[in-house]
There are 2 protein chains.
Amino acid sequence: MARIKPGKNTTRKELITRKAATLFKSKGYAVASMRDLAESIGVEAPSLYNHIGSKSEILRSICFTVAGSFTSHLEQTLQGTDPILHKVAAIIRFHIGMMLNDFDAVYVSNHDWKHLDEPYLSDFLNQRREYERKFVQLIQEGARRGEIKDTDPYVVVLTILSAVRGLEFWQHHKKNISTDNLENNMVDHLLNGIAK
Amino acid sequence: MARIKPGKNTTRKELITRKAATLFKSKGYAVASMRDLAESIGVEAPSLYNHIGSKSEILRSICFTVAGSFTSHLEQTLQGTDPILHKVAAIIRFHIGMMLNDFDAVYVSNHDWKHLDEPYLSDFLNQRREYERKFVQLIQEGARRGEIKDTDPYVVVLTILSAVRGLEFWQHHKKNISTDNLENNMVDHLLNGIAK
DNA sequence: GGGCAAAACTAACACTTATTAGTTTTTTGG
DNA sequence: CCAAAAAACTAATAAGTGTTAGTTTTGCCC
């Protein structure tokens with residue numbers, strides 16, 4: 001059969017990973033088979049193994065790429081000298097952007113990290129906990145400076161991260177509201193509430 | 001082998017469903033096998049079929065029980081004459097309560113509804129959409145009455161539902177804060193924001 | 001305590017899974 | 001245009017899946 005044709009500047013491995021993200025998103029990692037993946041690319045299943053090591057390696061690659069993006073953006077944001085609320089808003093906006101632009105990979109990372117095998121599972125969870133910890137610290141700093149209410153900082157972080165994650169249900173309504181509006185509305189809700 | 005002993009006032013079927021919820025929660029529906037489930041009960045896999053029709057029937061039962069609880073609570077809340085913000089708060093509190101008290105079932109319903117087979121999948125999604133629709137209407141009514149800011153009502157609902165759903169990550173920190181505090185903090189955040 | 005229904009068991013089925021081995025085809029570089 | 005490397009193929013394996021059939025055990029009721 002004809003060879004896989006990756007786009008410009010992408011290896012075959014990257015193409016497979018990208019297709020896998022789409023497949024895993026729609027069926028779930030556990031249910032998606034290597035045969036499904038091969039078919040979506042136009043090739044027989046064993047051919048994939050010329051380019052990747054295993055199914056679990058693909059998942060690993062997806063999860064850690066996403067985690068890496070979030071982590072490095074957070075580090076960068078924390079270093080600035082903006083008011084705390086601006087930093088929080090920037091973090092929220094970055095999450096929203098990731099959800100909208102890298103949807104498949106973020107979705108898979110959010111849903112299927114459970115299927116990572118050790119020691120990667122522990123690595124992943126540690127990275128996530130570390131992210132949360134730094135975010136909590138930021139909220140605490142904001143409260144200390146009087147820029148943020150004295151709410152339990154962990155609950156605040158949980159609420160924010162969960163809310164943006166919920167954008168996975170967004171797709172259906174894409175037409176009714178621009179993504180700019182969506183971003184602004186959500187940031188405003190999470191910072192200022194809805195009560196009048 | 002000795003017979004399954006359900007607790008008082010529960011059938012064997014209910015016991016199996018309860019154990020299944022716990023199992024599905026920790027491994028995921030797709031990965032959890034009937035043999036796993038049987039082992040967690042102390043029985044051989046085929047014995048389960050004396051009590052249930054199929055694996056998918058169990059999932060169906062879990063998902064629709066949870067969906068039914070949410071739907072009927074919403075109906076009840078909408079009928080009252082409280083201020084809109086009170087109603088919204090009551091809905092949020094109910095979601096939090098379900099997450100804390102019926103964790104396994106709610107978790108499975110949130111994560112594994114994708115594996116429902118037709119026509120149940122469509123039924124489930126319709127029920128969910130209907131729930132969202134009514135919730136959106138409530139927010140709109142609140143805005144019309146001037147009790148709620150003029151934010152996009154669908155974004156508001158999405159943010160709220162996602163935030164409470166995120167309580168699935170709660171467990172780790174149970175000790176540091178009472179559930180009452182958790183509830184109050186989250187409701188306050190979602191209604192009034194965090195900015196000072 | 002004997003009978004009967006409920007509920008357990010064992011054995012087996014037809015499939016599907018990820019992955020390997022070995023081979024053939026295709027593309028690339030000189 | 002030929003050789004070498006890359007990437008496809010086919011065939012096969014061992015393990016695991018949900019579920020059925022048929023049989024044996026268990027426990028309640030008269």
Side-chain angles (χ1 to χ4, degrees), chain A residues 1-21 23-24 26-63 108 112 114-118 120-121, chain B residues 1-21 23-24 26-63 108 112 114-118 120-121:
Chain A
M1 182 169 284
R3 291 202 178 189
I4 297 175
K5 284 189 183 175
K8 289 179 181 176
N9 294 339
T10 62
T11 67
R12 283 171 168 77
K13 188 167 185 166
E14 286 164 351
L15 172 74
I16 292 174
T17 306
R18 196 151 24 84
K19 288 278 189 185
L23 179 69
F24 292 171
S26 61
K27 303 190 66 166
Y29 173 79
V31 171
S33 73
M34 294 303 277
R35 286 165 180 81
D36 290 336
L37 177 55
E39 189 183 11
S40 87
I41 294 176
V43 102
E44 295 298 320
S47 304
L48 298 171
Y49 289 83
N50 284 320
H51 307 286
I52 54 130
S54 66
K55 187 187 179 190
S56 65
E57 181 199 274
I58 302 178
L59 179 64
R60 202 179 307 152
S61 158
I62 294 172
C63 290
V108 170
D112 287 323
K114 260 193 188 180
H115 299 106
L116 289 169
D117 27 38
E118 294 291 359
Y120 306 101
L121 177 57
Chain B
M1 182 170 287
R3 292 199 178 190
I4 297 176
K5 286 190 186 176
K8 290 180 183 176
N9 294 338
T10 63
T11 66
R12 284 171 166 77
K13 189 167 185 168
E14 287 164 352
L15 172 74
I16 292 174
T17 306
R18 196 150 26 84
K19 288 279 190 184
L23 179 69
F24 294 170
S26 62
K27 302 189 68 165
Y29 174 78
V31 170
S33 73
M34 293 303 277
R35 287 166 179 81
D36 291 335
L37 176 55
E39 190 182 10
S40 87
I41 295 176
V43 103
E44 294 298 318
S47 304
L48 298 172
Y49 288 84
N50 285 321
H51 307 285
I52 54 131
S54 66
K55 187 187 180 190
S56 65
E57 183 198 272
I58 301 178
L59 178 64
R60 202 180 308 151
S61 158
I62 294 172
C63 290
V108 170
D112 286 324
K114 260 192 187 180
H115 299 106
L116 289 169
D117 28 38
E118 293 292 358
Y120 306 100
L121 178 58

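Here is how names work: the chains are called A, B, and so on, in the same order as the sequence lines, proteins then strands, and each is numbered from 1.
In this structure, CD1 of Ile41(B) is placed 11 Å from P of dC9(C), rounded to the nearest angstrom. Atom CG of Leu48(B) is separated from atom P of dA6(C) by 18 Å (rounded to the nearest Å). Residue Tyr49(A) contributes atom OH, which lies 17 Å from atom P of dT10(D) at whole-angstrom precision. Straight-line distance from the CE atom of Met34(A) to the P atom of dT10(D): 17 Å, rounded to whole Å. Lys55(A) has its NZ atom 13 Å from the C1' atom of dG16(D), to the nearest Å. Distance Leu59(B) CG to dG18(D) P: 13 Å, rounded to the nearest Å. With rounding to whole Å, Glu44(B) atom CD is found 15 Å from dT19(D) atom C1'. When the P atom of dG18(D) is taken as reference, atom CG of Leu23(B) falls 10 Å away, rounded to whole Å.
Atom OH of Tyr120(B) sits about 8.5 Å away from atom OG of Ser56(B), to the nearest 0.5 Å. With rounding to the nearest 0.5 angstrom, the NZ atom of Lys55(A) is 8.5 Å from the NE2 atom of His115(A).
At a threshold of 4.0 angstrom between heavy atoms, the contacts of Ala32(A) are confined to the sugar-phosphate backbone, with no base atom among them.
Heavy-atom neighbours of Glu39(A) CD from other residues, nucleotides or ligands within 6.0 Å: at or below the threshold of 12.
Evaluation of atom-type donor-acceptor distances gives a pair under 3.5 Å for the side chain of Arg35(B) against the base of dG18(D). With hydrogens and angles ignored, a donor-acceptor pair closer than 3.5 Å exists between the side chain of Asn50(B) and the base of dA8(C).
Residues Met34(A) and Tyr49(A) meet the side-chain proximity criterion, which asks for heavy atoms closer than 4.5 Å. Taking 4.5 Å as the limit, some side-chain heavy atom of Glu118(A) sits within range of a side-chain heavy atom of Leu121(A).
The side chain of Arg12(A) places an N or O atom within less than 4.0 Å of a non-bridging phosphate oxygen (OP1 or OP2) of dA7(D). In terms of phosphate contacts, His51(B) brings no side-chain nitrogen or oxygen within less than 4.0 Å of OP1 or OP2 of dA6(C). For dA7(D), the OP1/OP2 oxygens have no side-chain nitrogen or oxygen of Ser47(A) closer than 4.0 Å.
The side chain of Pro46(A) has dC9(D) as its nearest neighbour among dA7(C), dA12(C), dC9(D).
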